[in-house]
Structure formats: structure tokens, C-alpha cells
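Here the structure comes first, spelled out in C-alpha cells, and everything after it is commentary.
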Amino acid sequence: NFLQLVKSFSPKVVTVVNVESPCQGSSFFQHFLDSLQFYAFLFDSLESTIPTMENVLRIESSIFVPRIHNIMTATRHNEKNPQWQNLLRGAGFSPVGVSLVAETQAECLVQNRSFNVVKKEESILLYWHGRALVSASAWSG
């Protein structure tokens with residue numbers, strides 16, 4: 001398995017950045033609405049922080065359009081992906097935790113924007129207008 005391969009390299013720290021799951025509902029319609037709202041927030045955050053629309057369009061088309069396509073064409077919408085935390089623990093990794101310095105740096109980076117940073121368990125989450133977009137965590141093996 002991939003995480004055991006990573007562990008075999010004996011890394012001091014493994015950093016995981018995860019796009020927060022947009023899907024909360026079990027029906028196709030709810031799944032569609034959750035995904036639509038999530039990606040609307042994500043695109044809005046990109047447009048407010050990236051200076052040129054050309055770069056925004058590149059990111060949207062190369063990264064997010066394939067993800068949206070995969071979400072909307074999935075045959076099972078109510079299956080949740082396994083949580084990274086459980087997979088990492090199962091492979092023998094332990095959370096390092098987010099230091100106050102890292103949390104303060106993240107807050108400074110998003111200062112004066114509609115972003116905010118929230119420390120939750122062993123992760124730090126980036127929110128845009130109250131919606132979680134991405135999380136980051138550090139793990140030791």
C-alpha cells in the first residue's frame with residue numbers, strides 16, 4: 001500500500017493537504033447541490049486571490065474540472081472516502097499537531113481577506129466565508 005511505501009522511506013514528517021469533501025447528502029440531488037456550493041466557494045476564493053483571470057482559468061480547467069466531472073459521474077454518491085487520519089494511523093503514523101507558530105503564520109497569510117484559519121484536532125483548516133476548503137496536517141512515522 002502507498003502509505004506503507006512512504007513509511008519505508010523513514011520520513012521525519014509527512015504533510016497531508018486535503019480538499020475538504022463537498023458532499024454531505026446521500027441523494028444525487030443533494031450531492032449535486034453540495035458539490036455546486038463547494039466549488040462555487042472554491043472558485044470565488046481563487047478569483048479573489050489570484051491576480052490574473054488567465055491563471056484562475058488554468059487552475060480551474062486543469063485541476064477542478066476533472067474533479068467535478070469525477071464527482072458528478074460517480075456511480076455511488078453516498079460512499080465516503082476513508083479518512084486520511086485513519087489511513088495514516090493504520091500505517092503507523094502519528095499526528096504531530098499544529099504548532100502555535102504555524103497557526104499564527106497561516107492566520108497572517110490570510111489576514112484582511114474573507115478567509116479564516118481554524119485549528120481542529122491535528123489539522124489546520126482554511127475556510128472561505130465559513131466553508132472549509134482545505135485542511136493540512138503533519139504526521140511522523
Side-chain angles (χ1 to χ4, degrees), residues 1-52 54-141:
N1 120 3
F2 174 73
L3 290 176
Q4 291 180 346
L5 175 65
V6 171
K7 188 161 177 65
S8 73
F9 296 132
S10 301
K12 292 187 181 201
V13 175
V14 173
T15 304
V16 176
V17 177
N18 189 40
V19 174
E20 291 301 298
S21 174
C23 304
Q24 304 298 324
S26 59
S27 71
F28 175 79
F29 183 68
Q30 189 60 51
H31 179 80
F32 176 79
L33 290 177
D34 291 341
S35 298
L36 181 65
Q37 182 188 34
F38 175 81
Y39 282 102
F41 274 76
L42 191 61
F43 292 154
D44 190 33
S45 72
L46 285 174
E47 290 172 9
S48 75
T49 56
I50 298 176
T52 64
E54 180 181 337
N55 289 339
V56 170
L57 293 174
R58 278 190 201 150
I59 292 169
E60 288 176 355
S61 64
S62 64
I63 297 173
F64 297 117
V65 167
R67 286 184 183 190
I68 293 169
H69 182 265
N70 288 340
I71 287 171
M72 300 321 303
T73 58
T75 56
R76 295 182 188 151
H77 300 292
N78 56 359
E79 270 187 19
K80 291 192 172 188
N81 289 329
Q83 295 291 319
W84 273 105
Q85 295 89 342
N86 296 336
L87 294 173
L88 286 159
R89 282 189 182 97
F93 289 94
S94 301
V96 173
V98 179
S99 71
L100 182 58
V101 172
E103 187 178 1
T104 303
Q105 285 178 327
E107 288 171 350
C108 287
L109 288 172
V110 299
Q111 190 175 12
N112 299 325
R113 300 201 182 190
S114 296
F115 290 101
N116 66 313
V117 174
V118 175
K119 186 176 175 182
K120 183 177 177 185
E121 299 171 8
E122 62 266 352
S123 299
I124 191 165
L125 288 94
L126 178 66
Y127 282 76
W128 171 258
H129 289 287
R131 175 76 186 240
L133 298 179
V134 295
S135 63
S137 58
W139 299 78
S140 63

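Heavy-atom basis, side chains included; hydrogens, waters and symmetry copies ignored. Only a predicted model underlies this, so the values are computations on that prediction, with no experimental measurement involved.
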What distance do [X] atom [atom1] and [Y] atom [atom2] have between them, rounded to the nearest 0.5 Å?
X	Y	atom1	atom2	value
L3	W139	CG	CH2	10.0 Å
I50	I59	CD1	CD1	3.5 Å
H129	F41	NE2	CZ	7.5 Å
Q4	L87	CD	CG	11.0 Å
L133	Y39	CG	OH	10.5 Å
F38	L33	CZ	CG	15.0 Å

Name all residues meeting the side chain to side chain donor-acceptor pair (under 3.5 Å) criterion together with [X]; count only those two or more places apart in sequence or in a different chain, and write none if there are none.
X	result
T52	N55
S45	none
Q105	none
N116	none

For this session: Report yes if the side chains of S137 and E121 come closer than 4.5 Å at any heavy-atom pair, otherwise no.
Result: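 No. Closest side-chain heavy atoms not under 4.5 Å.
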For this session: Looking only at non-hydrogen atoms, find the nearest pair between Q85 and S123 and report the distance.
Result: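 Looking at all heavy atoms of both residues, the closest pair is NE2-OG, 4.0 Å.
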Among all residues two or more places apart in sequence or in another chain, which pass the side-chain contact (heavy atoms from CB on, under 4.5 Å) test with [X]?
X	answer
P11	V6, F9, V14, F93
L109	none
K119	V98, E103
A136	V17, I124

Problem set entry | Residue pairs, two or more places apart or on separate chains, that pass salt bridge (charged side-chain N to carboxylate O under 4.0 Å, His left out) and touch residues 84-93 |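 Every salt bridge (charged side-chain N to carboxylate O under 4.0 Å, His left out) pair that includes a residue of residues 84-93, provided the two are not neighbours, is R89-E122.
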For this session: Please identify each residue that fulfils ring-ring contact (aromatic ring centres under 6.0 Å, His included) with Y127, with sequence neighbours left out.
Result: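 Y127: no ring-ring contact (aromatic ring centres under 6.0 Å, His included) contacts found.
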